[in-house]
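What follows is one structure encoded as structure tokens, with my remarks underneath.
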Amino acid sequence: QVQLVESGGGSVQAGGSLSLSCAISGSSAHPFCWGWFRQTPGTEREGVIVIDAEGRIRSAESVQGRFTADRDNAKKTAILIMNSLKPEDTALYYCAADYSTTTSCMSRIQAAGRFGVWGQGTNVTVSS
């Protein structure tokens, strides 16, 4: 069974930085597409950033210029790097992965349903 294990997160003051890591277990292949999503109570899960197998990235407008992502196909890991954090970035962050190549990775940034494997979620709290 393929599983994603997230690590990182925590609390930071506004303007600070955090990184979240995600690792695949139970599969010998690396995903085609990684995604990071976030959610606050009472809201829909929001796409933050996606990164494909070649390292191309698409990010949500709200995090452009502040967040980026990277991946290591050999290690089957991905990382979300968050800089210049704002209080409105406070949320439960999920990593997601999918092996299907039928749709482009870049098109999935607001398509949580197109990711088949999800991490357990990790909290990020940004204080003002």
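Positions are given from 1, in the same order as the sequence printed here. From a predicted model like this one, the values you see are computed outputs, not experimental measurements.
Of all heavy-atom pairs spanning Ala60 and Gly47, the tightest one is CB-O, 3.4 Å. Smallest separation of non-hydrogen atoms from Cys33 and Val50: SG-CB, 4.4 Å. Taking each heavy atom of Asn83 and Ser17 in turn, the nearest pair found is OD1-OG, 2.8 Å. Nearest heavy atom pair, residue Val117 against residue Leu4, reads O-CD1, 3.4 Å. What you find for Tyr94 and Gly119 is that their closest heavy atoms are CD2-O, 3.7 Å.
A distance of 10.5 Å separates OG1 of Thr125 from CG of Leu85, quoted to the nearest 0.5 Å. Distance check: Cys105 SG to Arg58 CZ gives 10.5 Å after rounding to the nearest 0.5 Å. Of the inter-residue distances, the one linking Ile24 atom CD1 with Cys95 atom SG reads 7.5 Å to the nearest 0.5 angstrom. With rounding to the nearest 0.5 angstrom, the OG atom of Ser107 is 6.5 Å from the CZ atom of Arg114. To the nearest 0.5 Å, atoms CE (Met82) and CH2 (Trp36) are separated by 8.0 Å.
Within the 3.5 Å criterion, the main-chain N or O of Tyr93 finds no donor-acceptor partner in the side chain of Gln39. At distances below 3.5 Å, not a single donor-acceptor pair connects side-chain atoms of Gln13 with backbone N or O atoms of Ser127. With Thr40 contributing its side chain and Thr43 its backbone, the two residues share no donor-acceptor pair below 3.5 Å. A distance-only check finds a donor-acceptor pair linking the side chain of Gln120 to the backbone of Glu6 [under 3.5 Å]. Arg38 contributes no side-chain N or O that, together with a main-chain N or O of Ala91, makes up a donor-acceptor pair within less than 3.5 Å. Using modelled atom types, one side-chain atom of Arg66 and one backbone atom of Ser62 make a donor-acceptor pair closer than 3.5 Å. With Ser59 contributing its side chain and Ile49 its backbone, the two residues share no donor-acceptor pair below 3.5 Å.
Note: the hydrophobic cluster containing Ile51 does not contain Ile79 (ILVMFWY, side chain heavy atoms under 4.5 Å, direct or indirect links). Cluster membership check: Ile109 does not share its hydrophobic cluster with Trp34, using side-chain heavy-atom separations under 4.5 Å among Ile, Leu, Val, Met, Phe, Trp and Tyr. Both Val124 and Val48 are part of a single hydrophobic cluster, where members link through side-chain heavy atoms under 4.5 Å apart. Grouping the Ile, Leu, Val, Met, Phe, Trp and Tyr side chains by contacts below 4.5 angstrom, directly or via other members, places Ile57 with Leu18. Cluster annotation: Val12 is connected to Leu20 through the hydrophobic network of ILVMFWY side chains, with a link wherever side-chain heavy atoms come within less than 4.5 Å.
Side-chain N/O atoms of Ser27 and Tyr99 include a donor and acceptor closer than 3.5 Å. A donor and an acceptor atom, one from each side chain of Thr77 and Asp72, are nowhere located under 3.5 Å apart. In the model, Thr103 has a side-chain atom that pairs as donor or acceptor with a side-chain atom of Arg108 under 3.5 Å.
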(request) Kindly indicate, with the supporting measurements, whether the criterion side chain to side chain contact (heavy atoms under 4.5 Å, CB included) is fulfilled by Phe67 and Ser84. (result) CA-CA 8 Å; Phe67 290 16; Ser84 302; over 6 Å; no
(message) Would Arg45 and Trp118 count as a side chain to side chain contact (heavy atoms under 4.5 Å, CB included) here? Give the steps.
(response) CA-CA 12 Å; Arg45 195 166 293 189; Trp118 288 83; 3.3 Å; yes
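With sequence neighbours excluded, the residues forming a ring pair (Phe, Tyr, Trp, His ring centres under 6.0 Å) with Phe115 are Phe37, listed by chain and number.
Salt bridge status for Arg71 with Asp52: absent, with no side-chain N to carboxylate O gap under 4.0 Å.
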